[in-house]
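No experiment lies behind these values; they were computed from the predicted model shown.
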Amino acid sequence: MKELALYILDLAENSIAAGAKNITIDVHVNSARDELFIRISDDGKGMDPDFVRSVTNPFVTTRTQRRLGLGLPLFQDLVRQCEGTLNIVSEKGKGTIIEAKMKRSSVDMVPIGDMGASIVSMIISNPALDIVYSFVLDDYSFVFDTKLIRETLKDVSITEPAVLSWIAGYVNEGTKEIIFDVTKNINKNRGGIQAL
Amino acid sequence: MRPVKTLEDLQKIREEASRKVNVRSDRTGIRITVGMATCGIAAGARPVMMAILDELEKRNVKGVTVVETGCIGLCKYEPIVEVYEPDQDKVTYIKMDPEKARQVVVEHVINGHPIKEWTLESADIQ
């Protein structure tokens with residue numbers, strides 16, 4: 001998939017299918033350490049230890065139509081390509097945490113993409129779901145919390161199209177590109193060469 | 001530059017929406033589902049859904065619900081959009097893109113004329 005936001009949506013859809021009422025999504029970038037950290041945690045029904053061990057195997061799924069699930073394996077692939085580590089912690093009845101740490105400047109890193117549309121998509125999947133999304137890039141930070149939105153909306157539904165379109169725009173304005181800006185360094189180097 | 005979205009804007013949307021609650025609509029009860037499993041997402045279901053929402057908002061259509069569904073086992077036909085009208089057979093649109101989805105909203109959801117050539121049924125005949 002071409003956007004980090006699509007992977008995040010896919011994993012969040014797993015959380016929703018697991019009956020989660022709350023999902024917390026963290027996307028944190030640390031430039032000094034060249035690190036991208038992603039965490040998706042939910043209070044869904046969780047997985048037992050055997051299932052956690054096998055969950056990145058594409059032939060393991062809770063689906064009943066066909067015995068193939070590609071959500072986590074696809075994400076694991078991205079994490080591997082980006083020289084990262086993937087950690088899955090889950091407890092039956094409590095919830096699941098999926099954490100990934102990746103090399104931000106990896107050539108296989110994908111852009112953050114349309115995070116606003118992904119959040120809107122999660123809301124449509126389950127309008128009662130509460131989502132906290134936090135984006136941190138060094139000293140910049142942004143938090144989106146559906147609980148605050150609901151407080152503002154009072155009797156108006158969060159699925160009202162005008163509200164969803166505002167949410168998409170708001171989230172996208174708060175989110176910054178995570179891809180390491182190569183052009184900055186190229187220009188710096190060019191400057192250096194010219195000075196010589 | 002797009003205008004900055006603020007919580008005050010949301011407040012305005014809220015006020016406008018609560019005023020509109022009682023607007024009558026003759027297309028009430030229609031449900032649109034978009035497949036949003038891994039197969040749907042990878043095939044481009046998310047922009048299709050955003051296009052549907054945008055078109056409904058632009059044309060101020062009320063009483064239509066947009067929901068998501070999981071994988072229905074027709075991955076090669078994704079993105080799939082289904083339109084459920086009260087007392088009518090479900091219409092399954094396959095291989096949608098944002099532009100087609102907008103037309104489905106206008107022709108089918110608003111005007112009541114399904115676009116037959118994009119349905120699963122017509123793909124089966126071919």
Testing the basics here: between A117(A) and M49(B), what is the closest heavy-atom pair and its distance to 0.1 Å? O-CE, 4.4 Å
Heavy-atom pairs under 4.5 Å with chain B are the metric here; pick the option from N126(A), D114(A), I167(A) that has the most. D114(A)
Calculate, to the nearest 0.5 Å, the distance between atoms OG1 and CD1 belonging to T69(B) and I124(A) respectively. 13.0 Å
Any idea which of L56(B), L10(B), L53(B), V34(B) has the most non-hydrogen atom pairs under 4.5 angstrom with chain A? L10(B)
Using a 4.5 Å heavy-atom cutoff, which residues in residues 130-154 of chain A come close to chain B? I149(A), T152(A), L153(A), K154(A)
Report yes or no: does W166(A) contribute a side-chain atom to a donor-acceptor pair with the main-chain N or O of T6(B) at less than 3.5 Å? yes
I13(B) portion near chain A, given a 4.5 angstrom heavy-atom threshold: side chain
Does K2(A) NZ have over 12 foreign heavy atoms under 6.0 Å away? no
Count I, L, V, M, F, W, Y as connected when their side-chain heavy atoms are under 4.5 Å apart, and connections chain through other members. Are I88(A) and I8(A) then in the same cluster? yes
Heavy-atom count check: over 12 atoms from other residues, nucleotides or ligands less than 6.0 Å from K21(A) NZ? no
Do D155(A) and R14(B) pass the side chain to side chain contact (heavy atoms under 4.5 Å, CB included) test, and can you show the C-alpha distance, the side-chain angles, and the key distance before you say yes or no? CA-CA 9 Å; D155(A) 55 323; R14(B) 192 204 86 82; 2.7 Å; yes
Any idea which heavy atoms bring R46(B) and S118(A) closest together, and the distance? NH1-OG, 2.9 Å
Please tell me whether F37(A) and V110(A) are part of a single hydrophobic cluster in this structure, the criterion being side-chain heavy atoms less than 4.5 Å apart. no
Rounded to the nearest 0.5 Å, what's the gap from CD on E68(B) to CE on M122(A)? Could you check? 9.5 Å
Taking every heavy atom of K5(B) against every heavy atom of E173(A), the minimum-distance pair comes out as N-OE1, 2.7 Å
In terms of hydrophobic clustering (I, L, V, M, F, W, Y; side-chain heavy atoms under 4.5 Å; direct or indirect links), are V67(B) and I30(B) co-clustered? no
Closest non-hydrogen contact found for L9(A) with I41(B) is CG-CD1, 3.8 Å
For the hydrophobic clusters of this structure (ILVMFWY residues joined by side-chain heavy atoms under 4.5 Å, transitively), does one cluster hold both I158(A) and V66(B)? yes
Heavy-atom cut-off 4.5 Å, strictly under: side chain, backbone, both or neither for L164(A) against chain B? side chain
Heavy-atom pairs under 4.5 Å with chain B are the metric here; pick the option from P127(A), A5(A), G174(A), S121(A) that has the most. S121(A)
Evaluate whether atom NZ of K95(B) has more than 12 neighbouring non-hydrogen atoms of other residues, nucleotides or ligands under 6.0 angstrom away. no
Interface moiety of S157(A) toward chain B, non-hydrogen atoms closer than 4.5 Å: neither
What one should report as the nearest heavy-atom pair of A162(A) and E57(B) is CA-OE2, 3.5 Å
Spacing of CG belonging to D54(B) relative to OG belonging to S165(A), to within rounding of 0.5 Å: 7.0 Å
Going hydrophobic residue to hydrophobic residue with side-chain gaps under 4.5 angstrom, can you get from I179(A) over to V79(A)? yes
Find the one option among N14(A), V120(A), T159(A) whose heavy-atom pairs under 4.5 Å with chain B are most numerous. V120(A)
